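So that the names make sense, note that chain A is the first sequence line, chain B the second, and so on, each numbered from 1. If you're wondering where the values come from, they're calculated on a predicted model, not measured in any experiment.
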Amino acid sequence: MIQLPDVEQLLQQMEADLRQTLARRGVTDPVMVGIRTGGVWLAEQLNQRLGLSGPLGELDISFYRDDFSRLGLNPRVKPSSLPFDTEGRDIVLIDDVLMSGRTIRAAMNEIFDYGRPASIILAVLMDLGKRELPIQPDVTGQVVSMAPNQRVKLRGPAPLRLELRETSE
Amino acid sequence: MTAQDTSTTSLQLTEEGQLRHFLTLDGLDRALLTDILDTADSFIEVGERSIKKVPLLRGRTVVNLFFESSTRTRSTFELAAKRLSADVLNLDINTSATSKGESLSDTLLNLEAMASDMFVVRHSQSGAPHFIAESVTPGVAIINAGDGRHAHPTQAMLDMLTIRQHKGRFEGLKVAIVGDILHSRVARSQIRALQELGAAEVRVIAPATLLPRSVEALGCTVEYDMTRGMKDLDVVIMLRLQKERMEGALLPSEREFYRLYGLSREKLALAHPDCIVMHPGPINRGVEIESAVADGPQSVILDQVTNGIAIRMAVMSMAMGGQMADRNRQSLERKVL
């Protein structure tokens with residue numbers, strides 16, 4: 001049985017790493033974009049911690065998923081919202097759990113349909129490995145390895161906590 | 001539900017309850033209608049982006065099969081398909097030349113040979129899209145763009161989206177549909193949608209000659225006098241008056257019709273002050289609606305057009321998704337066997 005980390009601690013870690021990464025890249029005016037739903041909660045937290053005043057972006061990647069041809073359309077789709085001009089901006093893309101990398105690919109495709117950003121930095125709360133695409137995070141709360149039947153989910157928005165689920169497969 | 005309804009339901013829904021065709025609103029429950037409206041809301045946002053396209057139907061071919069001409073409906077379906085990244089073929093087919101049954105089957109065989117994935121069908125005969133959905137190759141989705149006097153489900157759903165945008169709900173709303181109810185496929189679909197979504201009252205306002213004989217069976221309130229009928233309305237939907245109905249002696253004259261059933265500023269003033277005015281278009285100014293009302297602050301007629309694109313994107317992507325999920329399930333089942 002794995003011990004799930006405390007989200008508050010991970011956020012502290014992410015905040016420190018994100019400050020470093022932004023400084024190293026010379027990014028002074030980033031905008032945060034969270035992937036629904038967990039990524040949006042984290043983006044709200046990090047936006048506050050970094051003292052950013054700008055509005056947050058929220059992405060629902062349902063229209064960009066590569067499994068549409070197998071599963072059909074997600075009936076719970078909500079409108080995406082990027083309430084700023086993405087053209088030429090430095091974007092911090094935030095998600096809760098990184099695995100195959102397919103969600104991040106879909107999110108980047110969607111962001112480019114709003115305009116061409118100057119750069120995208122990827123920050124995730126947990127990296128579970130098992131990548132299927134060449135995508136790596138710039139900022140990671142924690143790398144965790146899990147058994148094939150285990151899934152982790154972020155619950156929120158307040159308080160934020162991680163939940164472990166085991167499937168029967 | 002009648003046996004006919006049950007067979008239509010199993011035709012247009014997958015075992016999982018996803019859409020795979022969109023033929024009629026009959027048999028679709030409130031949850032599914034709400035899903036369609038919610039999905040359309042997300043597509044409205046896509047229409048406001050720098051690149052107004054999503055990749056859902058990339059590599060798919062959509063054929064607009066119009067046996068009856070309609071500029072607006074066809075162009076919004078075309079735009080919807082293109083915004084979903086599909087390739088679009090527009091075919092306007094005049095049915096009068098050949099025997100209808102034969103030409104329909106032949107046309108379909110030819111189009112299927114071109115590996116089409118979806119047919120958007122408009123036909124003057126009620127039931128034509130249903131007939132096509134029954135006979136088409138599995139995996140091809142059929143969308144009804146209006147058939148005879150039967151149904152025009154995408155028009156009704158874009159009207160529902162417009163009402164929800166402006167009123168925020170359906171519960172408690174009093175909605176009237178005014179004009180030629182008898183010949184209107186739009187009215188039939190609207191009545192069905194409003195009732196399923198929980199409107200408090202659906203009222204039809206028309207002369208007796210333009211009402212179906214069994215109008216009470218539709219579950220609406222009937223009002224012959226528009227001055228009385230406008231009372232307490234939250235939404236008034238005007239229908240287009242087909243000029244040929246005048247020739248059919250169902251109406252005295254355009255001027256007389258306007259006097260009795262045209263939406264003037266005076267008549268609109270009898271409704272709630274925030275009553276919205278809708279019309280499926282194209283409008284006959286001065287016949288069913290006064291220009292000042294059509295262009296006035298309570299008119300949402302142009303919102304209806306914009307919403308038409310989003311609703312069509314929603315049903316097209318949902319039906320195509322249902323077809324693909326179906327195919328995927330079947331191939332998994334074959335593997336298990």
Problem - chain A contact via B:K53 - which portion, at a heavy-atom distance below 4.5 Å - result: backbone

Practice task
Please test A:F68 against B:L57 for side chain to side chain contact (heavy atoms under 4.5 Å, CB included), starting from the C-alpha separation and ending with a verdict.
Solution key: CA-CA 9 Å; A:F68 172 70; B:L57 298 195; 4.0 Å; yes

Practice task
Return yes when atom CD of B:E15 has more than 12 non-hydrogen atoms of other residues, nucleotides or ligands closer than 6.0 Å, and no otherwise.
Solution key: no

Completion exercise
Smallest heavy-atom separation, B:E45 atom then A:P79 atom, equals CB-CB, 4.1 Å

Handout entry: Heavy atoms from other residues, nucleotides or ligands near CG of A:L133 exceed 12 (cutoff 6.0 Å)
Key = yes

Practice task
Would you mind checking if B:R49 and A:E110 are paired as a salt bridge, meaning a charged N to carboxylate O distance below 4.0 Å?
Solution key: yes

Handout entry: Interatomic spacing from OG in B:S42 to CG in A:N74 - rounded to 0.5 Å
Key = 9.5 Å

Handout entry: Non-hydrogen atoms of B:S50 and A:Y114 that approach each other most closely
Key = CB-O, 3.7 Å

Problem - Any A:F112 side-chain heavy atom under 4.5 Å of B:I51 side chain - result: no

Problem - A:R76 and B:D35 ion-paired at < 4.0 Å - result: yes

Exercise for the section: For A:R116, look at atom CZ and say whether over 12 heavy atoms of other residues, nucleotides or ligands are found less than 6.0 Å away. Expected result: no

Practice task
Please report the shortest heavy-atom distance between B:A325 and A:G72, naming the atom on each side.
Solution key: CB-N, 4.2 Å

Handout entry: Which portion of A:S62 sits near chain B, non-hydrogen atoms under 4.5 angstrom
Key = backbone

Fill in the blank from the handout: Between the OG atom in A:S80 and the CD atom in B:E48, the distance rounded to the nearest 0.5 Å is 11.5 Å

Exercise for the section: Taking atom CZ of A:R19 as the centre, report whether more than 12 heavy atoms of other residues, nucleotides or ligands fall under 6.0 Å from it. Expected result: yes

Handout entry: Sub-4.5 Å side-chain heavy-atom contact between A:L73 and B:L56
Key = yes

Practice task
Check whether any side-chain heavy atom of B:V46 sits under 4.5 Å from a side-chain heavy atom of A:F63, and report yes or no.
Solution key: yes

Exercise for the section: Could you please state which residues from residues 90-106 of chain A sit under 4.5 angstrom from chain B, measuring non-hydrogen atom to non-hydrogen atom, sorted by number, or 'none'? Expected result: none

Problem - Interface moiety of A:R65 toward chain B, non-hydrogen atoms closer than 4.5 Å - result: neither

Practice task
Please check if the side chain of B:Q18 supplies one atom and the backbone of A:L71 the other of a donor-acceptor pair under 3.5 Å.
Solution key: yes

